[in-house]
Number of protein chains: 2
Amino acid sequence: MTTGQNHCDPLESLEKAGLQKTIQRIVVLRAVIRADRPITAAEIYEDLDVAERVNKVTVYRVLASLEEAGIVRGIPTVDGMNYYEMACSHNPLHAHFYCRYCRAMTCLGPLGEEICQNLYPSCRHEADALSVSITGLCNDCRRNKTKRKEEPL
Amino acid sequence: MTTGQNHCDPLESLEKAGLQKTIQRIVVLRAVIRADRPITAAEIYEDLDVAERVNKVTVYRVLASLEEAGIVRGIPTVDGMNYYEMACSHNPLHAHFYCRYCRAMTCLGPLGEEICQNLYPSCRHEADALSVSITGLCNDCRRNKTKRKEEPL
DNA sequence: CGATACTTGCAACTGAGTTGCAAATCGGGT
DNA sequence: ACCCGATTTGCAACTCAGTTGCAAGTATCG
């Protein structure tokens, strides 16, 4: 589940959301699209080359406005970091895998209709987000288990 | 899903886990049991009366050792806070509801067998935790929507 | 182009959680 | 019951993701 995000056009998304089309928003949005997997604000900031430098604070603010506009989606992890992905690229109801060692987050694909049907009714509140996350060791980290010096979180 | 945690005995749990039975660990463990819903380290610290004062740092360290020993279970939220609940009180696979306004977390009950069966196989990694969390407004906060001055996160 | 509302960058701050280290406590062996 | 090494605690200082206030800059609309 790591393909097909490139049909999301930054300018078009901002237009539709009624947000001003600033360079900073376009740069951040492009970084999220380019990543093609959920990434953190810090990763976005570090991945920007000198030409498209954007202040770290701005990255946070842009992500917040993009999330509020429904353009990106935030995903929290066990260690309190927030990851962002394009909202347009998936069904809002899908599961993620988070490696507690290398801290990479991958998408496991959309949840089946039956699963969602089963989860929501049990909730007698006004729900607006459903997040399923599986934590553990990814294949790479598991393979390198014996070579590692430090311990996972 | 807020009952039946009191059968977890602090001393017995520590004994079984092979952890030293210090006052601090017992005090923190009692606070988690007393809460009868997932609570944060800060809440635990504030809920302690003068007689059972434990340093804030110790609360974090105790929770970490209790989690590692499998006595309590940590649950992350969208705003990066960690909630803890007794591991013995539920099936490890259950869903939580988190109110993005009052930040109270409640348990929605265990996930059905079919749901878990559906989620795990899609994951080709070494999974050790499955967390399902539904975020939104709880009934109290929804009811008071019109009265509120500040906005939810 | 010019007015106005929104956005950015900077610096200083917040708040959850961590770390280093000396003092206190636990618990197994005698 | 007491001693000693191993573990745990408290304190203070730190880290680090994320936020805030504010002045300067920029987008958009007429």
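Below, each value reflects all heavy atoms present in this structure, side chains not excepted, and no hydrogens, waters or symmetry copies. Here is the naming used below: chain letters follow the sequence lines, and residue numbers restart at 1 for every chain.
Among the atoms of the strands shown, only primed sugar atoms or phosphate atoms (P, OP1, OP2) are found under 4.0 Å from some heavy atom of Lys21(A). If you check every strand for non-hydrogen atoms under 4.0 Å, Arg61(A) touches a base.
When each of dT7(C), dT8(D), dA16(C) is scored by its nearest atom to the side-chain atoms of Tyr60(B), the top-ranked nucleotide is dA16(C).
Classification of Arg73(A) and Glu67(A) as a salt-bridged pair fails, no side-chain N sitting under 4.0 Å from a carboxylate O. Using a 4.0 Å cut-off between a side-chain N of Lys or Arg and a carboxylate O of Asp or Glu, Arg34(B) and Glu52(B) qualify as a salt bridge. A salt bridge links Arg37(B) to Glu43(B): at least one charged side-chain nitrogen sits closer than 4.0 Å to a carboxylate oxygen.
For dA27(D), neither phosphate oxygen OP1 nor OP2 lies less than 4.0 angstrom from any side-chain nitrogen or oxygen of Thr22(A). Taking 4.0 angstrom as the limit, Asn55(A) places a side-chain polar atom (N or O) nearer than this to OP1 or OP2 of dC10(C). Look at Gln24(B) and you'll find a side-chain N or O under 4.0 angstrom from OP1 or OP2 of dT9(D). Checking the phosphate oxygens (OP1, OP2) of dT9(D), no side-chain nitrogen or oxygen of Thr58(B) falls inside 4.0 Å.
A distance of 9.5 Å separates CD1 of Ile44(B) from OH of Tyr60(B), quoted to the nearest 0.5 Å.
At whole-Å resolution of the value, CD1 in Ile26(B) and C1' in dC26(C) are 12 Å apart. Distance CZ (Arg53(A)) to C1' (dC10(C)): 15 Å, rounded to an integer number of Å. We find that CE of Met81(A) is positioned 21 Å from P of dG15(C), with the value rounded to whole Å. Rounding to whole angstrom units, NZ of residue Lys56(B) and P of dC14(D) are separated by 18 Å.
Between Val54(B) and Gln20(B), the residue anchored nearer the 5' end of DNA chain D, judged by the nucleotide with its closest heavy atom, is Gln20(B).
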